[in-house]
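Here is the structure we will look at, set down as structure tokens.
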There are 2 protein chains.
Amino acid sequence: MTATPFPVSEIVASRRPHRKDAARNYDALLTAAREAFAEHGAEASLEDIARRAGVGIGTLYRNFPTRRDLFETVYADEVNALCRAAVEVADREPWQALTSWLNRFTGYMVTKRAVREALDDESDIFMACRESMYAAGGPLLERAQKAGVARADMDFGDLLRMVAGITATAFEDDAQRDRVLAIALDGVRTGR
Amino acid sequence: MTATPFPVSEIVASRRPHRKDAARNYDALLTAAREAFAEHGAEASLEDIARRAGVGIGTLYRNFPTRRDLFETVYADEVNALCRAAVEVADREPWQALTSWLNRFTGYMVTKRAVREALDDESDIFMACRESMYAAGGPLLERAQKAGVARADMDFGDLLRMVAGITATAFEDDAQRDRVLAIALDGVRTGR
DNA sequence: ACTCTAACGGAGGCACCCCTCCGGTTCAAC
DNA sequence: GTTGAACCGGAGGGGTGCCTCCGTTAGAGT
């Protein structure tokens with residue numbers, strides 16, 4: 001994958017330092033931050049993130065001068081992966097392509113929820129990510145609608161928020177989550 | 001309402017002190033806590049709650065020795081109101097009764113989400129509240145199922161979590177939230 | 001009115017977090 | 001190898017929150 005079809009993918013790459021040790025630390029910080037945000041939400045301690053990454057707090061601040069910078073980068077990274085996933089499912093049946101992408105979307109929501117708390121919805125990066133994501137996933141819904149397997153009176157934003165909400169909730173087990181999600185998607189599906 | 005059909009309702013009353021000033025402070029603390037939890041989630045500062053209530057931090061700790069005590073009381077209070085709401089809608093059409101109760105449930109979710117973060121799911125109070133709530137709302141779903149207007153292959157827990165998830169999410173506006181919730185409930189409804 | 005006990009509020013000790021600054025270290029280019 | 005620029009880690013100052021403790025206040029019963 002040499003081309004980058006979505007502008008967001010540039011964000012992570014552009015920040016990444018060139019020196020070997022610096023790049024390693026940068027990656028470790030991103031991984032640690034993703035974990036910490038998933039675990040503690042937006043309130044995650046930056047010092048804890050640095051500790052997890054096995055790096056001094058100074059190194060964290062050099063790479064990400066503000067808490068916001070760290071958020072944005074983690075978020076963009078995640079969106080990027082999601083966009084790539086949309087390409088991968090494109091060859092399946094319309095309904096199946098849509099639902100399996102939504103499944104991948106579930107994982108991304110963990111990070112998303114933390115970012116929602118911290119990032120302004122009007123933030124440039126947030127809007128760029130949104131755009132990328134709609135460009136990647138939107139066609140999947142449109143295809144299903146044209147094939148007559150998804151109701152026409154809703155848009156991609158409605159669908160995303162529905163799935164987002166459901167997957168962000170705590171369930172007794174994965175089976176229950178899948179069951180509930182399936183019921184909700186039954187409301188989206190047409191022709192049985 | 002002299003009788004208390006749900007055990008949870010005892011919790012708040014039993015803690016409330018008898019002296020006039022003490023009772024006033026207790027109420028102020030509960031109100032302030034409810035606001036703070038809705039605003040900041042489980043991480044809300046106890047000192048801030050005391051400040052909002054116009055009360056010293058010592059008073060907060062005397063009434064609620066641990067953060068958990070405060071959570072439990074606020075939560076039980078909310079559940080209690082929800083149980084009473086179930087009685088109020090009982091005389092409507094099955095589907096209408098169910099959906100209007102779910103609407104009331106939406107408001108309660110704001111507190112609930114904060115409590116989820118802080119309280120162990122296995123906590124005694126948490127389980128008692130759960131039981132009270134199921135006892136209050138469960139029959140509404142059962143009635144709809146018996147009337148043939150709700151699908152039979154789901155239980156009350158599934159429904160609650162679905163609604164909980166959707167209403168906890170941020171939407172562009174209330175119209176969108178209602179639209180999405182309606183679509184999801186279409187997956188629940190049967191016979192059109 | 002008087003008493004005495006329950007309740008009050010906030011000072012203070014401890015812990016944690018944020019962020020800056022700088023002496024020491026390591027990479028990479030020559 | 002040498003060198004210097006880039007990078008490293010963490011000490012430290014300022015801020016906030018948690019919780020305890022205790023001198024002061026005010027309600028309730030007589």
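Sequence lines set the chain letters: A, B, ... in the order given, protein chains first and strands last, and positions in each chain run from 1.
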Answer yes or no: is there an ion pair linking B/E172 with A/R130, defined by an N-O contact shorter than 4.0 Å?
-> yes
Inspect the contact between B/D174 and B/R177 and indicate whether a charged nitrogen and a carboxylate oxygen are less than 4.0 angstrom apart.
-> yes
The bend of the helix from C/dA1-D/dT30 to C/dC30-D/dG1, taken between the axes of its five terminal pairs at each end and rounded to 10°, is 20°
Is there any salt bridge (Lys or Arg N to Asp or Glu O under 4.0 Å) pair reaching into residues 86-112 of chain A, and which pairs are they, with sequence neighbours excluded?
-> none
Can you check ring pair (Phe, Tyr, Trp, His ring centres under 6.0 Å) on A/F126 and A/F71, steps first, answer last?
-> CA-CA 10 Å; A/F126 195 83; A/F71 266 106; over 10 Å; no
Residues at least two apart in sequence or cross-chain that pass ring-ring contact (aromatic ring centres under 6.0 Å, His included) with B/F171, listed by chain then number, are none
Sorted by chain and residue number, the ring-ring contact (aromatic ring centres under 6.0 Å, His included) partners of A/Y108 (sequence neighbours excluded) come out as A/F105
Can you sort out which residues in residues 36-55 of chain A have a heavy atom within less than 4.0 Å of DNA chain D? Ascending by number, please.
-> A/G54, A/V55
Can you pull the ring-ring contact (aromatic ring centres under 6.0 Å, His included) pairs that have at least one residue in residues 131-151 of chain A, sequence neighbours excluded?
-> A/Y134-A/F156
What integer distance in Å separates [X]:[atom1] from [N]:[atom2]?
X     : N      : atom1 : atom2 : answer
B/L60 : D/dC18 : CG    : P     : 9 Å
B/I57 : D/dT20 : CD1   : C1'   : 11 Å
A/Y26 : D/dC8  : OH    : C1'   : 18 Å
B/L70 : D/dC19 : CG    : P     : 11 Å
A/L29 : D/dC7  : CG    : C1'   : 13 Å

Phosphate OP1/OP2 of D/dC8: any A/N25 side-chain N/O under 4.0 Å | yes
A/T59 side-chain N/O to D/dG9 phosphate OP1/OP2 under 4.0 Å | yes
DNA chain C: first to last nucleotide in contact with chain B (atom under 4.0 angstrom from a heavy atom), 5' to 3', is C/dA6 to C/dA11
Is any side-chain heavy atom of B/L159 closer than 4.5 Å to a side-chain heavy atom of B/L185?
-> yes
Should B/T66 and B/Y61 count as side-chain neighbours, where that means a heavy-atom distance under 4.5 Å?
-> no
What does A/R67 touch in the nucleic acid at a heavy-atom separation under 4.0 angstrom: a base, only the sugar-phosphate, or nothing?
-> sugar-phosphate
Might you list the N or O atoms of the protein lying below 3.5 Å from N or O atoms in nucleotides 24-29 of chain D, with each pair's distance?
| from | atom 1 | to | atom 2 | distance (Å) |
| --- | --- | --- | --- | --- |
| D/dA28 | OP1 | B/K20 | N | 3.3 |

Taken in chain and number order and not counting sequence neighbours, the residues that satisfy side-chain hydrogen bond (donor to acceptor under 3.5 Å, both in side chains) with A/D21 are A/R19
Mind checking what makes side-chain contact (heavy atoms from CB on, under 4.5 Å) contact with B/D173, not counting sequence neighbours?
-> B/A175, B/Q176
Sequence neighbours excluded, which residues qualify as side-chain contact (heavy atoms from CB on, under 4.5 Å) partners of A/T106?
-> A/T167
Just distance, no hydrogens or angles: give the donor-acceptor pairs under 3.5 Å from side chains in residues 40-50 of chain A, sequence neighbours left out.
| from | atom 1 | to | atom 2 | distance (Å) |
| --- | --- | --- | --- | --- |
| A/S45 | OG | A/E47 | N | 3.2 |
| A/S45 | OG | A/D48 | N | 3.0 |
| A/D48 | OD2 | A/R52 | NE | 3.1 |

